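Here the structure is laid out as structure tokens; the discussion comes afterwards.
Scope of the values below: all heavy atoms of this structure, side chains included, with no hydrogens, waters or symmetry mates. On a predicted model such as this, the values are computed, not experimentally measured, just so you know.
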Amino acid sequence: MTEVSTARSIETGSAALALAETHVLSVLAGAEKDSVRAERKARAVELRLAALSEIVGPENADPATPESIEEALASWGAHAEVARRAMVLLDIIAIPPFHPYELRTPRKYRRRAVLRLCELVELDKSHLSEIDAAVAEARSAHGKSTRSVSRIISGSGTYALGSLRISARVPSAIGAAVGLGGVPAYVHGLAELGDGRFPTAGLGFLGLGAGRKSGLDIDLTLRLSTPALERSLIRDQAALALMEALGRGDLAVLIESEMGTRLGDLRAAHDAELLLNDSGANRLAHIRSRLELVGRAHSWMTEHVASPG
């Protein structure tokens, strides 16, 4: 059995999310009826367990079993504030399962896995309803042309993966290249690969982001594919709506503020490129397309914060 330190890795929100995802994937793999797909899902779970082991290091490693992961999540859920626990659940719902691999998972099985996670971290069905409503509201804000968060394929990130097997070294190396380490580096790397979780924006104050680093937001915004960027914006908008539903308007304001900073950074990047390129340059067109998407998300957030509910 792959080893991972559940005791150590639960110390941060990002690590709690990594454990929660591993738990959900394990449940989904166990529920798979198709024998071939079940084997593929089991391999993906093993890779995730190996990734967790690489992230936390071997010095505090305990055997990683479904029981030990559940125990760690239950312990974390017993003391973590509701906003943290709810955001972990939102990310589980909003991100395609088994990302970056493409493995079909029936909706009913995903729901059962989410309900089990709710029990582990002591969230009830009312919290789940608030999360569902927040995701639906954010998704609808992007208009009828925007695809469902869970239906934007996982292969739409910034890298053409081909048949590459993603170990922790790949996303962690991507995160390390921009100066991050540990779980934040791994989460940032997954975002680069297009999972829709923008690690430096909005949620660092909940321990669920990597923490803002100069230039990181704008760089990732420009390099993400359009579907992956849309997914990240929907996730952040859903986070804002969820924080308001939980009575944490202060956190909603912070999310809106960071989105405004990202928009300002994009405008500055556009102005800088305008001094170096023809007005019709592809580079400028690309930045303008990002300005449109981020600007639309920020406008929605600004209106939402001004008149919550």
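Residues satisfying the side chain to side chain donor-acceptor pair (under 3.5 Å) criterion with Arg283, sequence neighbours excluded, are Glu273.
Taking CD from Glu21 and CD1 from Ile69, the interatomic distance works out to 11.5 Å, rounded to the nearest 0.5 Å. Here the straight-line distance linking atom CD of Glu303 with atom NE2 of His298 works out to 10.5 Å at 0.5 Å rounding. Atom CG of Leu120 and atom CZ of Arg85 lie 12.0 Å apart (nearest 0.5 Å). Atom CZ in Arg248 sits 10.5 Å away from atom CD1 in Ile255 (nearest 0.5 Å). Distance CD1/Ile234 to CD/Glu230: 6.0 Å, rounded to 0.5 Å. Here CG of Leu254 is found 10.0 Å from CG of Leu240. Values are rounded to the nearest 0.5 Å.
With salt bridges taken as basic N to acidic carboxylate O contacts below 4.0 Å, none links Glu46 and Arg43. The pair Asp236-Arg231 fails the salt-bridge criterion, with no side-chain N (NZ, NE, NH1 or NH2) lying under 4.0 Å from an Asp/Glu carboxylate O. Contact check on Arg290 versus Asp265 returns no salt bridge, with no Lys/Arg side-chain nitrogen under 4.0 Å from an Asp/Glu carboxylate oxygen. Under 4.0 Å is where a charged nitrogen must lie from a carboxylate oxygen, and between Glu292 and Arg288 no such pair does. A salt bridge between Glu70 and Arg116 is present, with a side-chain N of the basic residue lying under 4.0 Å from a carboxylate O of the acidic one.
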Checking Val294 against Thr221 for the side-chain contact (heavy atoms from CB on, under 4.5 Å) test, could you report, in this order, the C-alpha distance in whole Å, the side-chain angles of both residues, the deciding distance, and whether it holds? CA-CA 9 Å; Val294 175; Thr221 299; 4.0 Å; yes

Take Val88 and Trp76, measure what side-chain contact (heavy atoms from CB on, under 4.5 Å) needs, and give me the verdict at the end. CA-CA 12 Å; Val88 165; Trp76 177 76; 3.6 Å; yes

Derivation and outcome, side-chain contact (heavy atoms from CB on, under 4.5 Å), residues Arg112 and Val27: CA-CA 9 Å; Arg112 290 173 189 171; Val27 171; over 6 Å; no

Between Arg262 and Leu233, does the side-chain contact (heavy atoms from CB on, under 4.5 Å) criterion hold? Intermediate values first, please. CA-CA 11 Å; Arg262 200 193 313 183; Leu233 293 173; 3.7 Å; yes

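Each of Val135, Ile131, Leu89 was checked for a side-chain contact (heavy atoms from CB on, under 4.5 Å) with Leu242, and the lone residue meeting it is Ile131.
Taking all atoms of both residues into account, the shortest heavy-atom contact from Ala269 to Ile287 is O-CD1, 4.1 Å. Between Leu246 and Ala86, the shortest heavy-atom contact is CD1-CB, 3.8 Å. Scanning both residues, Pro97 and Leu28, for their nearest heavy atoms gives CB-CD1, 4.0 Å. Heavy-atom minimum distance, Leu291 versus His270: CD1-CB, 4.1 Å. Nearest approach of Arg104 to Glu32, heavy atoms of both residues: O-OE1, 3.9 Å. Heavy-atom minimum distance, Ala29 versus Lys41: CB-CB, 3.8 Å.
More than 12 heavy atoms of other shown residues, nucleotides or ligands fall within 6.0 angstrom of atom CG in Asp124. Atom CG of Asn282 has 12 or fewer neighbouring heavy atoms from other residues, nucleotides or ligands inside a 6.0 Å radius.
Membership of the apolar cluster around Leu274 extends to Leu284, as traced through chained side-chain contacts below 4.5 Å between ILVMFWY residues.
No donor-acceptor pair under 3.5 Å is formed between the side chain of Arg139 and the backbone N or O of Arg235. Within the 3.5 Å criterion, the main-chain N or O of Ala136 finds a donor-acceptor partner in the side chain of Ser140. Formation of a donor-acceptor pair under 3.5 Å by the Ser75 side chain with backbone atoms of Glu71 is not found in this model. Under the 3.5 Å distance criterion, the side-chain polar atoms of Asp34 are matched with a main-chain donor or acceptor of Val36. Of the possible donor and acceptor atoms, one in the side chain of Ser232 sits under 3.5 Å from a partner among the backbone N and O of Leu229.
Leu128 and Tyr109 fall within a single hydrophobic cluster, where Ile, Leu, Val, Met, Phe, Trp and Tyr are joined by side-chain heavy atoms under 4.5 Å apart, directly or via other members.
Side-chain contact annotation: His304 with Glu137, donor-acceptor N/O pair under 3.5 Å present.
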